[in-house]
Amino acid sequence: MAHNFRSDVAIDWCPGCGDFGIITGITQAITEMELKPEEVAVVSGIGCSGKTPHYLNIAGIHTLHGRSIPFAVGVKLSNPGLKVLVTSGDGDMLSIGAGHFVAEGRRNTGLTVILYDNEVYGLTKGQAAPTMGLGMQTKSLTKPNIFGKINPIALALASGYTFVARGFSFDTKQLKEIIKKALAHDGTALIDVLQPCPTYNNINTMEWYRKRVYKLEDDKGWNPTITKENEAEAIDKYQKAYVKSLEWEERIPTGIFYENKTIPSFTKRIAGFVPSYLSNPPAKQQVSDSNGFTIVDPVKTFKDKLVESA
Amino acid sequence: MPESDISIVIGGPQGGGIDTSATMIGRAFAYSGMNVISVREFHSNIKGRHSYVHLRARKDVPRSLKFPADLLVALDPDTIFEHFEDVGKGTKIIYDSSFENSDLNQARMIMRDTSKKIKNHLETGGYPLTVKGMLEAMKARGGIPIAVSFDGIISEVIKDGTNARYYNTLGAAITLSIVGIPEEFIIESIKYVFGSKEKVISPNIEVVKSAYRFSSSKSFASTPTEKVNRIPKLMLTGNDGAALGKLMGGLRFQTYYPITPASDESSAIEEHQAMEWIGGESSSLEKGGVTVVQTEDEISAITMACGAALTGSRSATATSGPGFSLMAEAISFAGMDEIPVVVTLYQRGGPSTGLPTRNSQSDLLFALNTGHGEFPRIVISSGDVEECIYDAMKALNYAQRYQLPVIHLIDKNLANTTQLVDSVDAKKVKVEGPAIAKSGPDFKRYDLNTKNGISKTGYFGRDIFWMTGDEHDELGHVTEDPDMRDSQMEKRFRKMETADREIPVEDKAEIIGDKKAETTLVTWGSQKGVAQDVAQMFAKKGVKIKILYLKMFEPFPSDFVLEVLSKSKTVIDLESNMLGQAAQVIRMKTGFKIENQIVKYNGRHITEDELYEGIEKIMSGKTKKVVLRNGA
């Protein structure tokens, strides 16, 4: 019998929450990719998005607010054979954890980062999240939003993410396909998922999004992928992705904005220094002999510190 | 023959090669068969400010440093000014004759407060505010200035005008010639320091030879020592010791964010990340390697190490006070979720940025209380380079065995102390793994069915289980059920009872010296060495002092400590902090109040001479509290 990637934990998100579509997208993607349950791990932060790991029947950590990325990097680097999903909210990723979000672009570890983007802090009753526009006033705000918004697609591009995409949680078919491509990508992927909060965001509702979203891939000429062969077009593709990231009020693009296959993943970079890294990564290394003693020779390992005998 | 106990201070501008000089001197002593200890003192600065190395060489093993120095080697005028208090009767002061007219008011790299103090010292004695004036003042204290023309000696052999590059070699060579270390040993040091750089080695050797010719012509030089049989030893700092211990202890994943004085450990791990296997059955093992990651901040460092630990890697991070503050929330998470992770906490002067390059033991109470909520943790401390090695191994073992965060305290003084380690015993500490559960659908990461509180663990990549910072059920899912809460809290704290029962008392505290001595000096960390040396000085005078040396603060050996202290007539607490934090722990855990206190918080290492005087003052009944203030 096929593994059921949904756990038996009851979901307590609000009825109509966009998060349900993300769970569906994830389980469908890993099922279709025929991944073994022990090959996938999921890491989240705090908030409604943070509950995701409990609803999935794979190894999962529901970590601290903002820290899902570095936890996930630790999992991935220690056992690079694992597929590691990060499921975190806009506040988690772009406010308290913004430093990690940016730093992950430099690393390109090989995570699949799914950003739950609903412009509000749901679990703490609807405060403005960093993706909410200046002057917007959702129903639980006492005054219009005093802050400008962060554009997650543009920030990911600027930070060096090598796979940048957007999905809509009420289009699970497209979302599933994006997640599959992101999981197959050797590098870190950002998927910004438009995910309406029916309880606290009465402006960016499902209907509001439905009227605006369109798919980049519907334009047959849209090719966001940079490879060794077409590297000369890299700057052009990057610019096009950036320009697309600015579209919002009237029409909102979904799909893959940018994919760069020419930048080595962090795991490959480590293997450049530690040749056995990919075949014998930290999680798989033996550390003691059959009697329980160390296998590391102190003097041979630290021979540069030796005061040799005459 | 060199004297049997030599103290040297060699100083110069930061970035001017003082570390290299000290390595040359330390190694030459070691090659000659003597034992050495040295500590590095420096400003938070890249180039220009005063840095120095305080070194001691002895036939037997020196455990501490002392003032006055026998030799003060000044590679710049500031060194003469800065060390005016470290000169005593017979101290030879080696300096470049061109320094003599240097004016204190022009010495802009001396901190203003220090400069004022020096000015006051010179004016009080009626000396001019120049190096010449300071040398006069030093003569009055019994110092013997020895003027050397650095350029004169170097120009004998270096003709391309790059004299300044060789000042550090010259300083080392003059020093060693004066104390009677044969030329061949410093030449060996130079070959070590410059490695394969042939073009650099030969002119440096020429400078050494020129320096030795100069010294013998001026009859400064002592008769060279005879050759001795040398045993191979490792010359390691505390940072190196912890790095080596971690590698031996099975560490395979280390994270860090740059911070003094912790980063040197991570650099040492990275430098040796390839590791060499011991041979025998391990010779057929696949090559391994430690993954070392420089993270974007300390929050990332601790959380990344936790993530790695979930896949079964033995993982750790290293930091200092400011970084450790940032780690607090994640350490609480590691306690809640029973994640085996080691934090090596290098203590430096706080609060805040404090004295970033100076010594302190002011983070003990913080280490014991870091993180919100109540969770089990183990807190240990090391006192010399050798202990750093084995304690780093034990720290990794404790984390695995008890599935919790372990905080390993090392003070800056120890981190930057260089010592010779005779031999490293690869079988002294076993590499102990965790209890691992059978894989399968019934696996419960937080299984309550455990007497000792330790639930068998599993790994991401092998098992399916969950973790959350929320209170959780046996599977790791969120719960707010009051009974499950109680059960999980009680299970977690049962691990501490188990650890307290299983870890032998000798790994928690020990008595050093005569157990029957009625006076007890209580201390921890890098004072271990100086306390022993001073106790020996007292023993020679017929005064018996034993040392109660503390190594583990959580779980704390309360019964043992109380028994020792309650049977002592006089108890003195010795710490490098202001509040006497270990004494506070003792009071909290045992109710015993230590009446006498010797503390130091100016960021400098405690020296033998000042500790001796401090103990004398307390034992004479004149005072109950002494603040030590030595050090430039």
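Lettering of chains follows the sequences in order, A, B, ..., and the numbering in each one begins at 1.
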J.: Does B:Arg401 have any side-chain hydrogen bond (donor to acceptor under 3.5 Å, both in side chains) partners at least two apart in sequence or in another chain, and if so, which?
T.: B:Glu502
J.: Does any backbone or side-chain atom of B:Leu420 lie under 4.5 Å from a heavy atom of chain A? Answer side chain, backbone, both or neither.
T.: side chain
J.: With a 4.5 Å cut-off on side-chain heavy atoms, are A:Ile61 and B:Phe333 touching?
T.: yes
J.: With a sphere of 6.0 Å drawn around NZ of A:Lys284, does it hold more than 12 non-hydrogen atoms of other residues, nucleotides or ligands?
T.: no
J.: Hey, which of A:Ile58, A:Val299, A:Asn291, A:Ile270 has the most heavy atom pairs under 4.5 Å with chain B?
T.: A:Ile58
J.: Is there a side chain to side chain donor-acceptor pair (under 3.5 Å) between B:Glu286 and A:Ser279? Walk through the geometry before answering.
T.: CA-CA 9 Å; B:Glu286 188 181 353; A:Ser279 62; 2.7 Å; yes
J.: Hey, does A:His3 have a side-chain heavy atom less than 4.5 Å from the side chain of B:Ile464?
T.: yes
J.: Between B:Ala243 and A:Phe302, which heavy-atom pair has the shortest distance, and what is it?
T.: CB-CZ, 4.2 Å
J.: Heavy atoms only, distances under 4.5 angstrom: which of A:Lys303, A:Arg107, A:Glu39 has the most pairs with chain B? Name it, please.
T.: A:Arg107
J.: Examine whether an atom of B:Leu236 lies under 4.5 Å from a heavy atom of chain A, and if so say whether it belongs to the side chain, the backbone or both; otherwise answer neither.
T.: side chain
J.: Kindly say whether A:Tyr55 contributes a backbone atom to a donor-acceptor pair with the side chain of B:Trp466 at under 3.5 angstrom?
T.: no
J.: Looking at B:Glu281 and A:Ser290, would you say the former's side chain and the latter's main chain have a donor-acceptor pair under 3.5 Å?
T.: yes
J.: Holding to side-chain contact (heavy atoms from CB on, under 4.5 Å), I want the full list of residues that pass it with B:Ser38, two or more places apart in sequence or in another chain.
T.: B:Val53, B:Leu55, B:Thr418
J.: Examine whether an atom of B:Tyr459 lies under 4.5 Å from a heavy atom of chain A, and if so say whether it belongs to the side chain, the backbone or both; otherwise answer neither.
T.: neither
J.: Looking at every heavy atom in both A:Lys305 and B:Tyr192, which two are closest together, and how far apart are they?
T.: CA-OH, 4.2 Å
J.: Below 4.5 Å from any heavy atom of chain A, which atoms of B:Arg445 appear? Answer side chain, backbone, both or neither.
T.: neither
J.: Select, from A:Val73, A:Leu64, A:Leu82, the one with the greatest count of heavy-atom pairs under 4.5 Å involving chain B.
T.: A:Leu64
J.: Check whether any side-chain N or O of A:Thr301 sits under 3.5 Å from a backbone N or O of B:Glu276 as a donor-acceptor pair, and report yes or no.
T.: yes
J.: Where on B:Asp463 is there a heavy atom nearer than 4.5 Å to chain A: the side chain, the backbone, both, or neither?
T.: backbone
J.: Can you tell which of B:Gly250, B:Gly289, B:Ala274 has the highest number of heavy-atom pairs within less than 4.5 Å of chain A?
T.: B:Gly289
J.: Using heavy-atom distances under 4.5 Å, tell me whether B:Ala426 contacts chain A through its side chain, its backbone, both, or neither.
T.: both
J.: Which value, rounded to the nearest 0.5 Å, describes the distance between A:Ile69 atom CD1 and B:Ser300 atom OG?
T.: 9.5 Å
J.: How far apart are the closest heavy atoms of B:Thr291 and A:Pro282, and which atoms are they?
T.: OG1-CG, 3.3 Å
J.: Out of B:His272, B:Met235, B:Lys430, which one racks up the most heavy-atom pairs below 4.5 Å with chain A?
T.: B:His272
J.: Contact between B:Thr303 and A:Thr63 at the side-chain level, heavy atoms closer than 4.5 Å - yes or no?
T.: no
J.: Using non-hydrogen atoms and a 4.5 Å limit, figure out which bit of B:Glu271 sits close to chain A: side chain, backbone, both or neither.
T.: side chain
J.: Using non-hydrogen atoms only, which part of B:Leu234 is less than 4.5 Å away from chain A: side chain, backbone, both, or neither?
T.: both
J.: With a 4.5 Å limit on heavy-atom distance, are the side chains of A:Phe293 and B:Ile278 in contact?
T.: no
J.: When rounded to the nearest 0.5 angstrom, what is the spacing between OG1 in A:Thr294 and CE in B:Met275?
T.: 8.5 Å
J.: For B:Val478, is it the side chain, the backbone, both or neither that has a heavy atom under 4.5 Å from a heavy atom of chain A?
T.: both
J.: Only pairs of heavy atoms separated by less than 4.5 Å count here; which of A:Asp304, A:Val40, A:Val84 has the most with chain B?
T.: A:Asp304
J.: Top residue by heavy-atom pair count (under 4.5 Å) with chain B, among A:Gln286, A:Glu38, A:His62?
T.: A:His62
J.: Can you say whether B:Leu244 sits under 4.5 Å from chain A via the side chain, the backbone, both, or neither, judging by heavy atoms?
T.: both
J.: Starting from the C-alpha separation in whole Å, work towards a yes-or-no answer on side-chain contact (heavy atoms from CB on, under 4.5 Å) for A:His100 and B:Ile299.
T.: CA-CA 9 Å; A:His100 308 308; B:Ile299 296 173; 4.0 Å; yes
J.: Which bit of B:Ala301 is near chain A, if near means a heavy-atom gap under 4.5 Å: side chain, backbone, both or neither?
T.: neither
J.: Under 4.5 Å from any heavy atom of chain A, what part of B:Asp337 do you find: side chain, backbone, both or neither?
T.: neither
J.: Starting at CG of A:Asn79, measure out to CZ of B:Arg462 and round the result to the nearest 0.5 Å.
T.: 12.5 Å
J.: State the CG-OG distance between A:Asp297 and B:Ser282, to the nearest 0.5 angstrom.
T.: 8.5 Å
J.: Would you give the length of the straight line joining atom CD of B:Glu432 to atom OG of A:Ser288, rounded to the nearest 0.5 angstrom?
T.: 10.0 Å
J.: Return the minimal non-hydrogen interatomic distance between A:Val307 and B:Ala30, and the atom names on each side.
T.: CG1-CB, 3.9 Å
J.: Nearest heavy-atom pair of B:Gly288 and A:Ser276: which atoms, and what distance?
T.: O-OG, 3.5 Å
J.: With a 4.5 Å cut-off on heavy-atom pairs, point out which of A:Ala72, A:Gly60, A:Ala103, A:Pro37 contacts chain B the most.
T.: A:Gly60
J.: Donor-acceptor check, side chain of B:Lys287 to backbone of A:Val274, threshold 3.5 angstrom: yes or no?
T.: no
J.: For atom CZ of A:Arg106, decide whether the heavy atoms of other residues, nucleotides or ligands shown that lie under 6.0 angstrom number more than 12.
T.: no
J.: List the atom of B:Cys306, the atom of A:Phe71, and the distance in Å for their closest heavy-atom pair.
T.: CB-CE2, 3.5 Å
J.: Got a second to check how far A:Asp289's CG is from B:Lys427's NZ, nearest 0.5 Å?
T.: 7.0 Å
J.: Between B:Gly469, B:Gly461, B:Ala309, which has the largest tally of heavy atom pairs under 4.5 Å with chain A?
T.: B:Gly461
